[in-house]
Amino acid sequence: MWLLYQLAMAFALVIAAPFLLIRRGAHYLETLPGRLTLRLPTAPSGSLWLHAVSVGEVGVAATVARALPESVPLLVTTVTPTGQARARATLGERATVAYLPFDLGFAVRRFMRHFRPTGLVLVEGDYWPLVLRATRRARIPVTVVNGRVSGSSFGRMRKVRPLSGLFFDPVDRFGMQTTADRDRLTALGVDPDRIEITGNLKFDADEPPPLDALGEHMRALAAGREILVAGSTMAGEDEQVLDAFTELEPNTALLILAPRHPERCPDVLRLLGDRGIRHVARSRLETPTESDRVSESAPESTQNESSRNKSSHVDVVLLDTLGELASLYRFATAAFVGGTLVATGGHNPLEPARFAVPTVVGPSMENFRDIANSFDHAEAWHRVENSDALAAIWRSWLADHEAARAVGARGAELVAASRGALARTVDLLSPVVESIGSVEVTGPVKIIERGDRESV
């Protein structure tokens, strides 16, 4: 069975490779050496392994990591290069950062032998059968934190419920966000005694660094205009945001446009140029103390962007750098959270809300259903269906600052009132963390298989 699974996985990778190379080749090529375990960083023996798929999960992992004892060595893995860059920026001094291996036997075995982790923490889930099988065989405890089961995932898993044990049986404890997540897990066959409701760690995220110099730079570019931030936009959404922005009265606002995936920035730059919108890429701006924050992986084409100096009058700043969006929300008069005007499930609305920034989203918030319900109930944001409605709400907030501030204040109050998940999560992890302190790993871990038996 496991051989067939690996053959299927390898076949799927081979089939998908041409499409990924055509669509997002530059994005994913850099991940291959790590995911094939051809290039692995060094790490202390017996690290606690935190797995976070991409940027959002890395933020949660960083929150957990900062609450753990400094004496506990950490290994953080991601799947996406944007997640990897975020992990290095936020956790590089605290943890070893690597890519999750492909779920192929040779890659998983090499990864386990190299790092020898003593505990695995899955942030929000991401269950890979061979990885979990290896942890079970090595008697490594596995814990899920900030876990969730979306409606779409639940529907898919129900169809293969007899196989759910491959994903869930190796997990010792589940810390889930909500009762709905717990109920879906139990419906999939997980023993309720292994599940705790710990809440959503995104509410407990640390405040991002202030980046005051960059904020002042943006204010200088705005030259008295209001600042609007459209964060984590997806393909097909930038056009709608720009449609809404160009419907506003001229010279009333500066738009900071931040695509979710940096490799799309050249396309967005071309879009801005084709529309004749005065713009500049963030990577072309030089600030006194933060120019070193420009991503080394910023697309080269952004270096050729025509607007070159901070004194030029621009209407749109394209944020083609990593790690700055969350901080820039604090300087916004209003914000739009992307992934919501297209059917991709939405992105984290808490980042602008924590700064009491009035926030608008589209209809697609399936990935944050419970948070969205809370915001709806508290009237702590505004929902729109299209670019015309987005323009209308931005226009009303720019004209009525008091009404805008009231929406933002309700959002900030909701975020503050929903904290507490971190303490419960640390308590959930305490047995694993305490055991790491008592484990001494002196040699390589080798898994020897003999039929259905194995020794470690």
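Judged by distance alone, the side chains of T321 and E324 do bring a donor and an acceptor atom under 3.5 Å apart. In this model, a donor atom of one side chain and an acceptor atom of the other lie less than 3.5 Å apart for T333 and E226. For the 3.5 Å distance criterion, the side chains of Q84 and T82 fail to qualify, holding no donor opposite an acceptor. A donor atom on one side chain and an acceptor atom on the other are not found under 3.5 Å apart for H279 and D315. Checking W49 against T77 by side-chain atom types alone, a donor-acceptor pair falls below 3.5 Å.
Atom CZ of R39 is surrounded by 12 or fewer heavy atoms from other residues, nucleotides or ligands within 6.0 Å. Counting heavy atoms of neighbouring residues, nucleotides and ligands inside a 6.0 Å radius, atom CD of E207 exceeds 12 of them. More than 12 non-hydrogen atoms from other residues, nucleotides or ligands lie less than 6.0 angstrom from CH2 of W397.
Between the NZ atom in K202 and the CD1 atom in I371 there is a gap of 6.5 Å [rounded to 0.5 Å]. To the nearest 0.5 angstrom, R148 atom CZ is 9.0 Å from N200 atom CG. Distance check: L269 CG to D320 CG gives 7.0 Å after rounding to the nearest 0.5 Å. Separating the OG1 atom in T233 from the CG atom in D238 is a distance of 3.5 Å, to the nearest 0.5 Å. R410 contributes atom CZ, which lies 12.0 Å from atom OG1 of T359 (distance to the nearest 0.5 angstrom). The CZ atom of R116 sits 11.5 Å away from atom CD1 of I140, with the distance rounded to the nearest 0.5 Å.
Contact detail for V123 and E57: the closest heavy-atom pair is CG1-O, 3.6 Å. The nearest pair of heavy atoms linking T31 to P81 is CG2-CD, 3.7 Å. P69 and V433 get closest at one heavy-atom pair: CD-CG1, 3.9 Å. Closest non-hydrogen pair, R94 versus A65, comes out as NE-O, 4.1 Å. A pairwise comparison of heavy atoms in A52 and V58 identifies CB-N, 3.6 Å as the closest pair. Residues Y329 and P352 approach most closely at CD2-CB, 3.6 Å, considering heavy atoms.
Using bins of under 30°, 30° to 60° and over 60° for the plane-to-plane angle, the ring pair F174/F168 lands in the perpendicular bin.
Q240 has its side chain within reach of V342: a pair of non-hydrogen atoms, C-beta onward, lies under 4.5 Å apart. When side chains are defined from C-beta on, V361 does not count as touching H347, because their heavy atoms never get closer than 4.5 Å. Contact check for P44 versus T96: side-chain heavy atoms found under the 4.5 Å cut-off. Side-chain atoms of L130 and M9, non-hydrogen and from C-beta on, never get closer than 4.5 Å to each other. Counting heavy atoms from C-beta on, the side chains of V337 and N348 never come closer than 4.5 Å. For the pair L248 and W394, the minimum side-chain heavy-atom distance is below 4.5 Å. You'll find the side chain of L325 reaches within 4.5 Å of the side chain of L319, heavy atoms only. Taking the side chain as every heavy atom from C-beta outward, L36 and P101 never approach each other to under 4.5 Å.
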- Could you give me the CA-CA distance, side-chain angles and deciding distance for L68 and L74, then say whether side-chain contact (heavy atoms from CB on, under 4.5 Å) is met? CA-CA 10 Å; L68 297 177; L74 299 179; 4.0 Å; yes
- Show your reasoning for whether side-chain contact (heavy atoms from CB on, under 4.5 Å) applies to S374 and L414. CA-CA 8 Å; S374 297; L414 176 61; 4.0 Å; yes
- Message: Using side-chain contact (heavy atoms from CB on, under 4.5 Å), reason through V280 and R282 one step at a time and then give a plain yes or no.
- Response: CA-CA 6 Å; V280 65; R282 160 67 179 104; over 6 Å; no
- Stepwise salt bridge (charged side-chain N to carboxylate O under 4.0 Å, His left out) check, D243 with R275: CA-CA 10 Å; D243 286 344; R275 294 196 174 199; 2.7 Å; yes
- Message: Pair D126, F167 - check side-chain contact (heavy atoms from CB on, under 4.5 Å), show working.
- Response: CA-CA 9 Å; D126 201 35; F167 304 98; over 6 Å; no
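Side-chain atoms of D181 come within 3.5 Å of backbone atoms of T178 as a donor-acceptor pair (strictly under, hydrogens ignored). Judged by distance alone, with hydrogens and angles left aside, the side-chain atoms of T63 form a donor-acceptor pair with the main-chain N or O of G59 at under 3.5 Å. Between the side chain of Q6 and the backbone N or O of G105 there is at least one donor-acceptor pair closer than 3.5 Å. Within the 3.5 Å criterion, the main-chain N or O of R35 finds no donor-acceptor partner in the side chain of T37. A donor-acceptor pair is defined here as one N or O able to donate and one able to accept, closer than 3.5 Å; no such pair exists between the side chain of H217 and the backbone of L285. Listed for the T118 side chain is no donor-acceptor partner under 3.5 Å among the backbone atoms of L48. Using modelled atom types, one side-chain atom of T90 and one backbone atom of R86 make a donor-acceptor pair closer than 3.5 Å. Side chain of R182 to main chain of Q177: no donor-acceptor pair is present (N/O by atom type, distance under 3.5 Å, no hydrogens or angles). S54 contributes no side-chain N or O that, together with a main-chain N or O of G56, makes up a donor-acceptor pair within less than 3.5 Å. Side chain of D204 to backbone of R419: no donor-acceptor contact under 3.5 angstrom is found.
Take R424 and apply the side-chain contact (heavy atoms from CB on, under 4.5 Å) test, not counting sequence neighbours, and it matches T198, A421.
The only member of V357, I393, D376 that meets side chain to side chain contact (heavy atoms under 4.5 Å, CB included) when paired with W381 is D376.
The salt bridge (charged side-chain N to carboxylate O under 4.0 Å, His left out) contacts involving residues 391-403 comprise E247-R395, where partners must be two or more places apart or lie in separate chains.
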